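Data first, discussion second: the structure below is written as structure tokens.
Note that the numbering runs from 1 along the sequence shown for the chain. Keep in mind that this is a model prediction, so the values were computed, not measured.
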Amino acid sequence: MAGRFDLQGRHGKSRVRVSRVWRRPAEAGGHLFVEWSVAVSVVSDCLPSYTSDDNSAIVATDSIKNTVYVKAKECTEVVSMEEFAVILGRHFTSLYSQVSEATVTIVERPWERVAVDGKPHSHGFKLGSEKHTTEVNVKKSGSLLINSGIQGYSLLKTTQSGFEGFVRDRYTLLPETRERIVATEVTAWWRYPFEHISQLPSKPFCFTQRYQDVKKVLADTFFGPPDVGVYSPSVQNTLYLMAREVLTRFPDIASVQLRMPNLHFIPVNLGGKENPGLVKFADDVYMPTDEPHGTIEATLSRANSKL
Ligand SMILES: O=c1[nH]c(=O)c2[nH]c(=O)[nH]c2[nH]1
């Protein structure tokens, strides 16, 4: 077989759901709570398990799943999802000689502390919408890649958006406009600059704070100032300004990728022979639809980045 085929495999466990509570007293801010869906995938030298009945090198995916709970238990101090992913990646690549590489992906369920009578509750949470995600790759050498992101960040504004000057040919029906609703569900990914375990910051929780900061910069740029907003000539331009602001504000983010579907709100004009002008659109009644929708995405990196 050797020489004829090149076999590369990986295995792991997906959708390992784990929650953890860190029980701080109310005076210290109350309980911290997270719910994560973890996926672990290892590159492991266990080729005989593919080509024969020899499973002797396989770290069972069931053991991989168990490890997620063991490590969660061991995290007696608060950790961010990025740190937890690094802990798992280091574990698999250091404990098992046959594992050369591990990729750990985590999606957080967005439980948010509730406020009762305007006061943050010490142990009450409600589910939010957009999700923090991370994908961490750890190699046996200690080399590292950390990407984090946001999924399902739904943003909409009712004005200060238009679309003009695009190609007009025999296929074009869309009227030009300087007044429309723009809505999207942002997916963002960005890369942190740490390329080796030894470069990781020791300050706990900085990844979580950075997620909150990026989220705010994305939304603030999308919306503009609260009273007047900011005009968007296209989703493309708004996407670029959002990405540029992330790189400008956070020098340690090397590149950012944004996917922003254009979720259409179509002007409603109804009328027939007998009832012309039954509903005449005056920037008021729309038909929302996400099928079909525009797809707009781009990656912005620093020009001199080696990444
Ligand atoms: O902001 C937009 N970008 C497009 O590329 C596009 N295409 C389209 O039909 N509407 C829009 N809007």
Heavy-atom donor-acceptor pair, [X] side chain to [Y] backbone, under 3.5 Å:
X: His196; Y: Ser198; result: yes
X: Ser94; Y: Arg90; result: yes
X: Gln199; Y: Glu195; result: yes
X: Asn275; Y: Gly272; result: yes
X: Arg302; Y: Ile253; result: yes
X: Arg23; Y: His31; result: no
X: Thr93; Y: Gly89; result: yes

Given side chains that start at C-beta, do those of [X] and [Y] come closer than 4.5 Å, heavy atoms only?
X: Glu176; Y: Phe163; answer: no
X: Asn147; Y: Thr134; answer: no
X: Glu179; Y: Thr159; answer: yes
X: Val42; Y: Val59; answer: no
X: Phe222; Y: Thr238; answer: yes
X: Phe250; Y: Val214; answer: yes

Could you list the residues that satisfy side-chain hydrogen bond (donor to acceptor under 3.5 Å, both in side chains) with Asp290, not counting sequence neighbours?
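By the side-chain hydrogen bond (donor to acceptor under 3.5 Å, both in side chains) rule, Asp290 matches no residue at all.
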
Should the heavy atoms of other residues, nucleotides or ligands under 6.0 Å from [atom1] of [X] be counted, would the total exceed 12?
X: Tyr171; atom1: OH; value: no
X: Arg259; atom1: CZ; value: no
X: Asp53; atom1: CG; value: no
X: Arg17; atom1: CZ; value: no
X: Lys157; atom1: NZ; value: yes
X: Asp227; atom1: CG; value: yes
X: Arg168; atom1: CZ; value: yes
X: Arg180; atom1: CZ; value: yes

If you take all heavy atoms of [X] and [Y], which pair is closest and at what distance?
X: Glu135; Y: Trp189; value: N-CZ3, 4.0 Å
X: Ile87; Y: Cys75; value: CD1-SG, 3.9 Å
X: Lys131; Y: Val107; value: CD-CG1, 3.8 Å
X: Val217; Y: Thr221; value: O-OG1, 2.6 Å
X: Leu300; Y: Leu247; value: O-CD1, 3.5 Å

Looking only at side-chain N and O atoms, does [Y] offer a donor or acceptor that is under 3.5 Å from a partner on [X]?
X: Asn137; Y: Thr103; value: yes
X: Ser255; Y: Arg191; value: no
X: Glu108; Y: Thr133; value: no
X: Ser37; Y: Arg15; value: no
X: Ser148; Y: Glu82; value: yes
X: Asp54; Y: Ser52; value: no
X: Thr172; Y: Asp169; value: yes
X: Ser80; Y: Glu83; value: yes
X: Trp190; Y: Gln257; value: no

Please work out whether the ring planes of His132 and Tyr211 are parallel, tilted or perpendicular, with thresholds of 30° and 60°.
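Answer is parallel, since the angle falls under 30°.
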
Mind telling me whether Tyr192 and Phe194 have parallel, tilted or perpendicular rings, with 30° and 60° as the class edges?
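Rings of Phe194 and Tyr192: parallel, as their planes differ by under 30°.
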
Decide whether a cation-pi geometry holds between Arg178 and Tyr231; the criteria are a distance under 6.0 Å from NZ or CZ to the six-membered ring centre and an angle within 45° of the ring axis.
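Yes, a cation-pi geometry holds between Arg178 and Tyr231.
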
Short N-O contact, Arg210 and Asp252, less than 4.0 angstrom
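Asp252 and Arg210: salt-bridged.
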
Name of the residue among Gln209, Lys215, Lys216 meeting side-chain hydrogen bond (donor to acceptor under 3.5 Å, both in side chains) with Asp213:
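Answer to the side-chain hydrogen bond (donor to acceptor under 3.5 Å, both in side chains) test with Asp213 among Gln209, Lys215, Lys216: Gln209.
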
Given Tyr153, which partner from the list Val186, Thr187, Thr184 fulfils the side chain to side chain contact (heavy atoms under 4.5 Å, CB included) test?
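Among Val186, Thr187, Thr184, the one that satisfies the side chain to side chain contact (heavy atoms under 4.5 Å, CB included) with Tyr153 is Val186.
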
